[in-house]
Amino acid sequence: MRVLGIETSCDETGLAIYDSEQGLLGHVLHSQIDLHAVYGGVVPELASRDHVRKTLPLLHNLLAQTGLAKSDIDGVAYTAGPGLVGALLVGTAIGRTLAWAWGVPAVGVHHMEGHLLAPMLEPERPEFPFVALLVSGGHTQLVEVKGIGQYRLLGESLDDAAGEAFDKTAKMMGLPYPGGPELAALALSGDPKRFRFPRPMTDRPGLDFSFSGLKTFALNTLQREITPQDSEATKQQTRADIARAFEEAVVDTLVIKCRRAVRDSGAATLVLAGGVSANRQLRERMQVAMGKEGARVFYPRTEFCTDNGAMIAYAGWQRLRQGAHEDLGFGVRARWPM
Ligand code: KG4
Ligand code: ZN
């Protein structure tokens with residue numbers, strides 16, 4: 001079975017074809033970063049319009065790249081939520097229309113289930129059951145995964161998602177959108193010993209997170225430590241030191257909670273997924289920590305950590321093979337518990 005996946009929940013238009021026998025046959029992605037950069041964040045209406053412009057040309061590219069014809073597609077999966085409602089409606093309308101025109105089943109996929117299953121696209125796959133840390137721009141969740149569709153939420157952020165905290169802190173420091181990777185790059189030249197940020201909610205039991213306080217802590221540090229008398233080089237070093245302390249605090253907090261989740265559940269496997277799982281510090285520190293717990297860590301290749309069509313094609317295939325499919329009417333869900 002070959003499934004076309006369409007991802008349009010935020011600021012990337014991603015399409016891919018997954019084959020149940022041969023694996024991923026091809027994927028294409030268009031990022032809207034340039035479109036939103038001047039506004040310092042995603043403008044929902046511009047995002048929707050750009051998805052309208054890009055989705056079908058990308059499909060043509062994908063078919064050309066894979067050498068496949070429309071008649072080779074056996075099902076269509078699209079992101080039905082959570083995300084920006086207008087952006088979701090574009091992918092959903094196109095996905096449903098293509099499926100109807102081609103006479104194949106269609107299925108609406110949960111964006112976070114896509115992220116959760118993205119490591120399954122790698123040659124070495126995690127085996128069920130596992131604990132997953134989903135860290136993206138909109139979500140920070142620890143989930144116990146027993147199988148496809150068998151998810152139990154263990155903990156989540158009570159305020160900002162980890163990626164959101166990265167982005168907002170980066171913006172305060174004058175870094176361009178999207179700030180997460182920019183802040184991580186700046187942190188590389190930071191002194192880890194100069195500042196120590198708190199590790200929120202690690203001193204009490206439970207698996208929930210809170211990241212909005214760290215953002216305020218970063219702002220206060222920035223205002224206290226950078227003075228008009230400082231040279232440009234000194235200011236830049238202070239920003240790098242703050243970026244380093246911020247990144248260390250987020251990574252440390254995520255690692256502490258993952259250790260706790262793995263210990264509590266007795267899981268031998270941890271899956272890291274979502275945009276923030278592209279963070280190198282997080283990957284390295286998690287590897288070391290899980291090694292101590294006797295657990296293995298799996299994560300997607302870097303390009304499949306952030307939004308992409310491949311994870312939607314894969315999750316859609318899993319749903320379609322279980323017999324899931326949608327009726328003709330469709331809706332999307334800006335908010336959607338998994
Ligand atoms: O999964 P994703 O592409 O979109 C959502 O579903 O939200 O995640 C995007 C988030 C952004 O907040 C971005 O800043 C963050 O992932 N991100 C990173 C890194 N790469 C992406 N955060 C920290 N370090 C990175 N290297
Ligand atoms: Zn995402």
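Residue numbers start at 1 and run along the sequence shown. As the structure lists them, so they are numbered: ligands from 1, and atoms in each ligand from 1. What's counted below: heavy atoms across the whole structure, side chains too, no hydrogens, waters or symmetry copies.
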Mind telling me whether Trp336 and His110 have parallel, tilted or perpendicular rings, with 30° and 60° as the class edges? tilted

Could you check whether any heavy atom of Pro181 sits closer than 4.0 Å to an atom of ligand 1, since that is the contact criterion I want to use? yes

Considering only non-hydrogen protein atoms, determine which one is nearest to atom 6 (O) of ligand 1 and report residue, atom name and distance to 0.1 Å. His111 NE2, 3.1 Å

Heavy atoms only, cut-off 4.0 Å: how does His115 contact ligand 1, side chain, backbone, both, or neither? side chain

When you compare ligand 1 with Gly275, is there at least one nitrogen or oxygen pair between them that comes in under 3.5 angstrom? yes

Would Asp19 and Arg2 pass as an ion pair if we require N to O under 4.0 Å? yes

Stepwise, does the side-chain contact (heavy atoms from CB on, under 4.5 Å) test hold for Leu121 with Tyr18? CA-CA 9 Å; Leu121 292 161; Tyr18 184 83; 3.8 Å; yes

Considering non-hydrogen atoms of the protein only, which is the closest contact for atom 24 (N) of ligand 1, and what is the distance? Asn279 ND2, 3.0 Å

A side-chain contact here means heavy atoms from C-beta on lying under 4.5 Å apart; do Pro82 and Arg335 qualify? no

Atom 2 (P) of ligand 1: closest protein heavy atom, distance to 0.1 Å, is Asp307 OD1, 3.3 Å

Gly138 heavy atom under 4.0 Å from ligand 1: yes

To 10 degrees, how wide is the angle OD1 (Asp307) to the Zn ion (ligand 2) to NE2 (His111)? 100°

Derivation of the side-chain contact (heavy atoms from CB on, under 4.5 Å) call for Phe211 and Leu254: CA-CA 10 Å; Phe211 290 111; Leu254 293 171; 3.8 Å; yes

Quick one: do Arg244 and Glu247 make a salt bridge, cutoff under 4.0 Å? no

Nearest non-hydrogen contact to atom 11 (C) of ligand 1 from the set Asp167, Leu134, Val251, Asn308 belongs to Asp167

For Thr79 and Leu88, run side-chain contact (heavy atoms from CB on, under 4.5 Å): C-alpha distance rounded to whole Å, both residues' side-chain angles, the deciding distance at 0.1 Å, then the answer. CA-CA 7 Å; Thr79 305; Leu88 290 166; 3.9 Å; yes

Gly137 versus ligand 1: do any nitrogen or oxygen atoms come within less than 3.5 Å of each other? yes

Going hydrophobic residue to hydrophobic residue with side-chain gaps under 4.5 angstrom, can you get from Val145 over to Leu117? yes

Check contact between Glu247 and ligand 1, using heavy atoms of the residue and a distance below 4.0 angstrom. no

Is Asp252 paired with Arg285 through a side-chain N to carboxylate O contact shorter than 4.0 Å? yes

Is the distance between the Zn ion (ligand 2) and the nearest N/O/S atom of His139 smaller than 2.8 Å? no

Check whether any N or O atom of Gly180, backbone or side chain, sits under 3.5 Å from an N or O atom of ligand 1, and answer yes or no. yes

For the 3.5 Å polar cut-off, considering only N or O atoms, please tell me whether Glu12 and ligand 1 meet it. no

Gly163-ligand 1 polar pair, N/O distance under 3.5 Å: yes

May I ask you to decide whether Asp50 forms a salt bridge with Arg53, counting only side-chain N to carboxylate O separations under 4.0 Å? yes

Could you tell me which atoms of ligand 1, counted from 1 in the order shown, lie closer than 4.0 angstrom to a heavy atom of Thr306? 3 (O)

